[in-house]
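Taking it in order: structure first as structure tokens, then the write-up.
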Amino acid sequence: MTIKNRDVLISGASVAGPTLAYWLVRHGFRPVVVERAAGPREGGYPIDVIDPATEVARRMGVLPRVRQAAVETRALSFVDRSGRSRARVPTGSFATRGVELPRGDLVRILYEATADDVEYVFGDSVATLEQDGDGVDVTFERGGARRFDLVIGADGLHSLTRSLAIGEEGRFLRHLGHYVAAADVSKDMGVDGEVVLYNEPGRMAGVYSYLDRATAIFVFRHPELEGGGRRDAALHRRVLREAFAGDGWRVPELLEQVTAAPDFYFDSVSQIRMDRWSAGRVSLAGDAAHCPALLSGHGTTLAMVGAYVLAGELHAAGGEHRAAFARYQERHRRAVERGQARVAEGAGRLVPGSASAIRTRDLLSRFWMLPAVASRLGSLLPRRTPVLDDYGSGVPAAPPAARPS
């Protein structure tokens with residue numbers, strides 16, 4: 001098969017970007033991945049790789065490494081203001097269909113699976129995009145310029161590629177009424193191998209203790225900050241302290257550590273809703289196209305599966321981007337809609353809005369093993385997405401494109 005549009009720039013080297021690059025290489029394309037960070041991003045709390053993303057990992061040959069990096073969590077516990085247990089659910093009660101592992105470990109595994117075949121440009125990002133009928137002229141923040149046949153934005157919820165090629169973020173971002181903050185804290189703040197959660201109406205504080213780390217996570221209801229407030233770290237810390245002022249359990253200690261942490265993370269719980277994921281020769285993947293929001297538990301899976309489908313459709317169309325982009329969106333949208341619909345359920349269970357809702361959740365959790373209750377609470381588990389198509393992967397890995405002199 002003659003392949004058109006072989007030179008593809010991918011912006012973003014987290015999950016969707018390297019997955020897409022892996023499959024593009026094996027379908028005969030020449031991807032280049034540009035990433036603002038100085039290297040593969042380390043850290044981050046554990047995420048889930050769920051069917052059929054586990055099948056994508058298997059076909060990439062990295063599933064054994066993904067499983068080796070798995071986090072072993074024994075239980076999910078809910079505590080009151082005094083730290084007394086209100087309910088404790090052994091994780092063995094969950095019918096799992098995937099693997100939970102630290103986000104940084106997954107990023108590293110995907111990067112290492114592609115590093116020999118793909119050109120990575122770290123410490124840089126796209127500054128401008130100008131496309132015509134034959135390609136896309138890209139200038140980079142560090143001053144270089146290159147021309148590509150296609151550009152794929154895999155640069156997350158706040159995608160610059162999306163803003164440059166399709167429209168400003170406010171057109172597509174839907175604030176869901178919550179904010180999240182997180183950072184690593186001292187290991188003694190958690191219970192080894194457990195997730196411990198404390199709730200007040202409309203907010204949750206928790207500690208996830210795993211391997212040799214403990215990560216604190218706060219989720220709370222709050223109106224959208226004026227202008228998004230994305231880059232105002234002082235504002236973020238103040239809003240977080242005010243939201244949890246006076247709360248019990250170990251919240252004061254957690255607030256002190258989190259707001260002082262160098263890896264302090266703060267963002268809205270938001271979705272990206274778009275009618276079209278592409279414009280001309282530019283398309284989007286992962287959270288840049290369809291972020292389902294933190295509370296869905298499905299973002300990583302959608303990113304990996306979507307990247308697999310996008311590469312496969314480009315291969316099936318012989319590189320004809322118009323047909324491939326349309327088919328990619330058609331085939332992947334239903335899974336995205338299911339993932340985005342799960343957020344209301346996740347918020348209702350993890351961040352109940354009233355004292356009575358908290359009591360009900362805790363009561364049901366105590367009786368998880370009862371079939372009727374398990375059926376109700378089982379709605380928290382990710383639902384199965386469609387079986388993966390086999391696009392073929394017999395094309396030998398191509399050498400990376402020559403680096404500019």
Side-chain angles (χ1 to χ4, degrees), residues 44-48 73 75-89 91 94 100 175-185 189-191 194-210 213-225 236-259 261 264-271 292-299 342-366 368 376-377 379-381:
Y45 46 77
I47 46 82
D48 295 309
T73 305
L76 171 66
S77 298
F78 302 99
V79 298
D80 63 15
R81 292 181 63 87
S82 300
R84 291 188 298 265
S85 177
R86 296 175 59 93
R88 187 175 185 274
V89 183
T91 55
F94 295 86
E100 184 181 29
H175 177 59
L176 302 182
H178 291 81
Y179 279 85
V180 59
D184 282 354
V185 294
M189 296 298 294
V191 177
E194 294 197 12
V195 181
V196 182
L197 302 179
Y198 165 78
N199 285 100
E200 294 289 349
R203 56 192 185 273
M204 178 203 82
V207 179
Y208 194 161
S209 184
Y210 55 97
R213 297 173 54 190
T215 301
I217 302 176
F218 295 88
V219 182
F220 59 102
R221 288 186 177 180
H222 196 282
E224 187 171 9
L225 298 175
H236 299 165
R237 288 173 166 84
R238 185 174 73 250
V239 168
L240 177 63
R241 291 190 191 100
E242 291 173 351
F244 288 85
D247 280 358
W249 184 49
R250 306 190 72 177
V251 169
E253 299 168 83
L254 291 172
L255 283 173
E256 182 177 353
Q257 291 195 29
V258 167
T259 55
F264 176 73
Y265 169 83
F266 185 98
D267 207 342
S268 64
V269 177
S270 300
Q271 290 183 340
L294 170 78
L295 297 175
S296 75
H298 222 61
R342 286 175 39 79
V343 173
E345 291 178 300
R349 300 298 198 272
L350 296 177
V351 195
S354 66
S356 62
I358 294 172
R359 288 193 296 271
T360 299
R361 188 274 317 274
D362 293 348
L363 179 62
L364 291 174
S365 298
R366 294 173 191 167
W368 171 268
R376 256 186 95 177
L377 289 181
S379 64
L380 281 172
L381 295 174

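Between F266 and L225, some side-chain heavy-atom pair lies under the 4.5 Å cut-off. Counting only heavy atoms from C-beta outward, the side chains of Y198 and L254 never approach each other to under 4.5 Å. At a threshold of 4.5 Å between non-hydrogen side-chain atoms, the residues L255 and F218 count as touching. Residues I358 and P352 meet the side-chain proximity criterion, which asks for heavy atoms closer than 4.5 Å. The side-chain heavy atoms of T215 and Y265, taken from C-beta on, include no pair separated by under 4.5 Å.
Here the closest non-hydrogen pair linking F244 and V219 is CZ-O, 3.8 Å. Of all heavy-atom pairs between F264 and V258, the closest is CD1-O, 3.3 Å. Here the closest heavy-atom approach between residue P223 and residue Y179 is recorded as O-CE1, 3.5 Å. E194 approaches S77 most closely through the heavy-atom pair OE1-OG, 3.0 Å. For the pair H175 and S268, the tightest heavy-atom approach, listed with the atom from each and the gap, is ND1-CB, 3.6 Å.
Side-chain atoms of R221 do not come within 3.5 Å of backbone N or O of G202 as any donor-acceptor pair. The main-chain N or O of P292 is found under 3.5 Å from a side-chain atom of Q271 such that the two form a donor-acceptor pair.
Atom CD of E200 and atom CZ of F220 lie 15.0 Å apart (nearest 0.5 Å). To the nearest 0.5 Å, atoms CZ (R359) and OG (S354) are separated by 7.5 Å.
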Could you go through Y208 and Y45, starting from their C-alpha distance and side-chain angles, then the distance that decides it, and tell me whether this counts as ring-ring contact (aromatic ring centres under 6.0 Å, His included)? CA-CA 8 Å; Y208 194 161; Y45 46 77; 8.5 Å; no
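A donor-acceptor contact closer than 3.5 angstrom is absent between the side chains of R86 and N199.
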